[in-house]
Amino acid sequence: MELDRQPVRSEYRLNEDNELRLEIGNEDVIVELVEGVAEVFGTPLAVHKRYTFPPGFRCSIFTYQGALVEIIGKTESAYIATQTPMAIYLNTHYGLEMHRQIALKKLAMGDLTARGPRILLTGPMDVGKSTVSRILLNYAIRFGHTPIYVDLDPGQGQISIPGTVSALLVCKPADIVENFDRTSTLAFSLGSTSPALNIEYYKHLIQTVANLVDEKCAFSPRINASGVVINTCGWIKDSGYHALLVASKAFKVDIVVVLDNELLFNNFKKDLPNFVKIVHEPKSGGVEVRSTAQRAASRNRCIQNYFYGTKHSPFHPFTIEFSYAKSEEEQELYIARVGTDKLPDSCLPFGMTVEDHRTKVVRVSIDSSLKDKVLALMPANAAIDQSLISTPAIGFIVITDVDVEKKTFTILSPQPQPLPTRLALYTDVSFIDDS
Ligand code: ADP
């Protein structure tokens, strides 16, 4: 009987260039590299360190040289794959590394404008774009660089929460489980997880982040030489494709990697200038193809973690109630949004184009439709004007309740009262706080 309570232990012997693909079920699983050298998406595993992989976690443990891995606990699935595209991704890294070395040489010779590689990863949904971005960033760090990670996918929120477009200076490898340290992420709220809902604003944010990246690179030649890795969303048709062309131009990319889509690869060859190198690479067989429900669950988990942290480093958010019965000037928190209903041409003020309504900033009145909506907090000195469309968020809150009788609303906030600002930006991203 006692034996039944022993956790399941399994050992996996990996040969050169093999990977152990893992999917964790409902319980934590302990993973230990017993011997050899192995990594998770470019982050090396320490030998004999025990890593806890939480429920729902999915990854691969890859080895170039061979390794022995022990798993304690029951996984949803675990198998060794002998065919992986890792050699191709490593090759891409070496291509980027050559570019960085040239930039560093120029820098040493006094050329302070020497630029490292700027790579854009694209392809349909679920081809491993975020994962390859992570691998390339980790390898860059391991080679002593400090690249910038730009995430143009508001659907998942790799370095901020879903509904944002963001950038992060990467200074250390990603944590095996928690991914990159997001504390200094610069996130712009798009207001939705789908760029299609406001493509004008999405393109504006792409250009805004690109300008900031340029400023950062002009300020630090080392960062400039390290380059930029740009992750994109899986919307590759029509306006989505056009947004990718806008991004390539805005970030002045020199290499575009198309994962698993010949048509997209050929379209880029036609539409991008000759100096941009376009390569087609295969996706890994380990990439999970997610259903709409799984995507929604993953978004929810990401927002949940923003407020509550993880089991291993929990946060304790605050519940705050505000009255909206007060006059506009006295309200402790007021809300704006980007985009209004389309105005008929005849009503447009002089000089305004039809498209402008999509990036127009307006005040939002509080009502029950705001319940469960995520809001982006704007800086303390921000006011309701057009500058908000180019202003990064300083944090996020959720409206958990609106009492129209009492004219109060309740928020979930990582910070206690008083909030650092009185102005928040509306998003149509929902989060139901059932913790
Ligand atoms: P995309 O960015 O194209 O939507 P992701 O990089 O987010 O795709 O990958 C989708 C999922 O597949 C993620 O959960 C990721 O951890 C998982 N994944 C990617 N590569 C592998 C692999 N080689 N083995 C196991 N899981 C993988």
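Below, each value reflects all heavy atoms present in this structure, side chains not excepted, and no hydrogens, waters or symmetry copies. Numbering of ligands and ligand atoms starts at 1, following listing order.
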Before we go on, tell me: are the rings of F62 and F41 under 6.0 Å apart, centre to centre? no
Can you tell me if NZ on K277 sees more than 12 non-hydrogen neighbours from other groups inside 6.0 Å?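 Atom NZ in K277 is not crowded, with 12 or fewer foreign heavy atoms closer than 6.0 Å.
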K237 NZ: over 12 foreign heavy atoms closer than 6.0 Å: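 Count not over threshold, so no.
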Let me know which of I161, L190, I303, V398 forms a side-chain contact (heavy atoms from CB on, under 4.5 Å) with V429.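 With V429 as partner, side-chain contact (heavy atoms from CB on, under 4.5 Å) holds for just one option, I303.
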I80: which of I61, N18, N15 passes side-chain contact (heavy atoms from CB on, under 4.5 Å): N18
Using heavy atoms and a strict 4.0 Å limit, residues surrounding ligand 1 turn out to be E19, R21, F41, R58, C59, S60, D126, V127, G128, K129, S130, T131, S284, G286, V287, E288, R290
Among residues at least two apart in sequence or on other chains, which ones pass ring-ring contact (aromatic ring centres under 6.0 Å, His included) with Y426?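 With neighbours one apart ignored, the set is empty.
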